[in-house]
Amino acid sequence: MAVASAARNLIVVGQGAAGLAAALAATEAARVQGRPINVTIADKAPEDEAGGNTRWSPSNMRMASTDRVEPSFVHDMLAASNFQGDESYFARLAKEAPATVKWLASHGIEFIQPTYYLAKGPPRIQPAGGGPVLIKELTRATKQAGVVFLYSCVAREIANKNDRITGLVVEQNGMRQTLAADAIVLAC
């Protein structure tokens with residue numbers, strides 16, 4: 001997030017959990033650092049359908065509790081990737097997960113241990129209400145943070161000059177325009 005938090009104009013493409021978290025985290029980091037930032041989320045869905053795949057997901061996380069990742073997580077992720085995955089990536093993901101859950105909880109998201117239909121599987125937590133609640137609460141917090149939302153807005157191409165990002169070409173309501181950007185997060 002270092003590049004995004006240093007940007008003056010950040011565009012996030014996609015309003016699922018990843019896009020909302022990126023926009024909100026960048027806004028919060030800029031505020032803490034005393035840096036001005038303009039953050040825009042562009043989503044191709046209309047407002048009432050926004051939320052990406054997260055809005056259909058229970059959003060289970062492989063965690064034994066909100067402060068502890070399930071012990072076999074790293075090994076299981078390596079096994080799932082035929083031991084081709086990046087172990088340091090999985091280890092960092094496991095290390096950062098409790099802080100991420102704490103951050104999400106600070107934005108009004110409650111976590112539960114669901115009754116899981118695969119009772120013999122590893123423990124999991126999920127937001128109470130699943131993905132739809134995750135989208136609802138992150139959208140609320142992100143809007144309160146001053147992020148601008150563009151709905152029915154299709155990202156067409158990244159504009160650049162001298163190998164530097166200058167903006168995002170979008171199409172909305174049949175009209176094309178270029179939104180200024182120093183950085184773009186593709187979360188779609």
Side-chain angles (χ1 to χ4, degrees), residues 1 4-5 10-32 37 39-81 85 89-153 185-188:
M1 190 61 76
S5 64
L10 170 65
I11 298 174
V12 177
V13 181
Q15 191 189 330
L20 288 163
L24 184 55
T27 302
E28 290 176 348
R31 186 174 350 132
V32 166
I37 190 169
V39 180
T40 301
I41 292 180
D43 196 281
K44 72 177 182 177
E47 185 172 5
D48 63 337
E49 294 178 15
N53 287 332
T54 306
R55 72 188 213 129
W56 304 108
S57 166
S59 296
N60 287 329
M61 298 176 194
R62 285 278 305 275
M63 295 181 70
S65 65
T66 57
D67 63 349
R68 192 166 45 86
V69 173
E70 197 278 314
S72 67
F73 175 79
V74 173
H75 179 269
D76 290 352
M77 293 301 101
L78 286 168
S81 69
Y89 172 80
F90 297 134
R92 180 160 183 199
L93 184 61
K95 180 182 175 191
E96 301 288 336
T100 301
V101 170
K102 184 177 180 180
W103 178 76
L104 289 167
S106 77
H107 291 292
I109 298 165
E110 176 190 355
F111 287 87
I112 60 170
Q113 285 189 309
T115 303
Y116 196 65
Y117 63 92
L118 296 175
K120 295 188 190 291
R124 290 167 168 75
I125 64 169
Q126 74 178 52
V133 167
L134 195 59
I135 293 300
K136 177 184 171 195
E137 293 303 323
L138 285 176
T139 299
R140 178 195 52 74
T142 304
K143 285 182 177 180
Q144 284 180 344
V147 172
V148 173
F149 286 72
L150 299 176
Y151 295 103
S152 302
C153 184
V185 174
L186 299 177
C188 53

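The shortest side-chain heavy-atom distance between Trp56 and Ile135 does not fall under the 4.5 Å cut-off. Using a 4.5 Å heavy-atom threshold, the side chains of Pro122 and Arg124 count as touching.
Under the 3.5 Å distance criterion, the side-chain polar atoms of Ser106 are matched with a main-chain donor or acceptor of Trp103. A donor-acceptor pair under 3.5 Å is absent between the side-chain atoms of Gln15 and the main chain of Leu20, judged by distance alone. Side-chain atoms of Thr142 come within 3.5 Å of backbone N or O of Leu138 as a donor-acceptor pair. In this structure a side-chain-to-backbone donor-acceptor pair under 3.5 Å is missing from Ser59 to Pro127.
Closest of all the heavy-atom pairs between Leu24 and Ala145 is CD1-CB, 3.8 Å. When all heavy atoms of Val74 and Ala94 are compared, the pair lying nearest together is CG2-CB, 4.2 Å. Of all heavy-atom pairs spanning Ala23 and Val39, the tightest one is CB-CG1, 3.7 Å. The shortest heavy-atom contact between Glu70 and Arg62 is OE1-NH2, 2.8 Å. Taking both residues in full, the closest heavy atoms of Pro46 and Ser152 are given as CA-OG, 3.5 Å, listed atom of the first, atom of the second, then distance. Between Pro132 and Ser57, the closest heavy-atom pair is CD-O, 3.9 Å.
The distance from atom CD of Gln126 to atom CD1 of Ile112, rounded to the nearest 0.5 Å, is 5.0 Å. Considering OH of Tyr151 and CG of Asp43, their distance stands at 7.5 Å, rounded to 0.5 Å. Considering CD1 of Ile11 and CG of Leu150, their distance stands at 8.0 Å, rounded to 0.5 Å. Expressed to the nearest 0.5 Å, how far NE2 of His107 lies from CG of Leu134 amounts to 11.5 Å. Here the NE2 atom belonging to His75 is positioned 12.0 Å from the CZ atom belonging to Phe90, to the nearest 0.5 angstrom. Taking CD1 of Ile125 as the start and CZ of Arg68 as the end, the distance is 11.0 Å to the nearest 0.5 Å.
Shown here is Arg92, whose CZ atom has no more than 12 heavy atoms of other residues, nucleotides or ligands within 6.0 Å. Open room surrounds NZ on Lys136; 12 or fewer heavy atoms of other groups in view lie less than 6.0 Å from it.
Partner of Met61 under the side-chain contact (heavy atoms from CB on, under 4.5 Å) criterion, chosen from Thr100, Val69, Leu104: Leu104.
With no hydrogens or angles considered, a side-chain donor-acceptor pair links Ser72 and Asp76 at under 3.5 Å.
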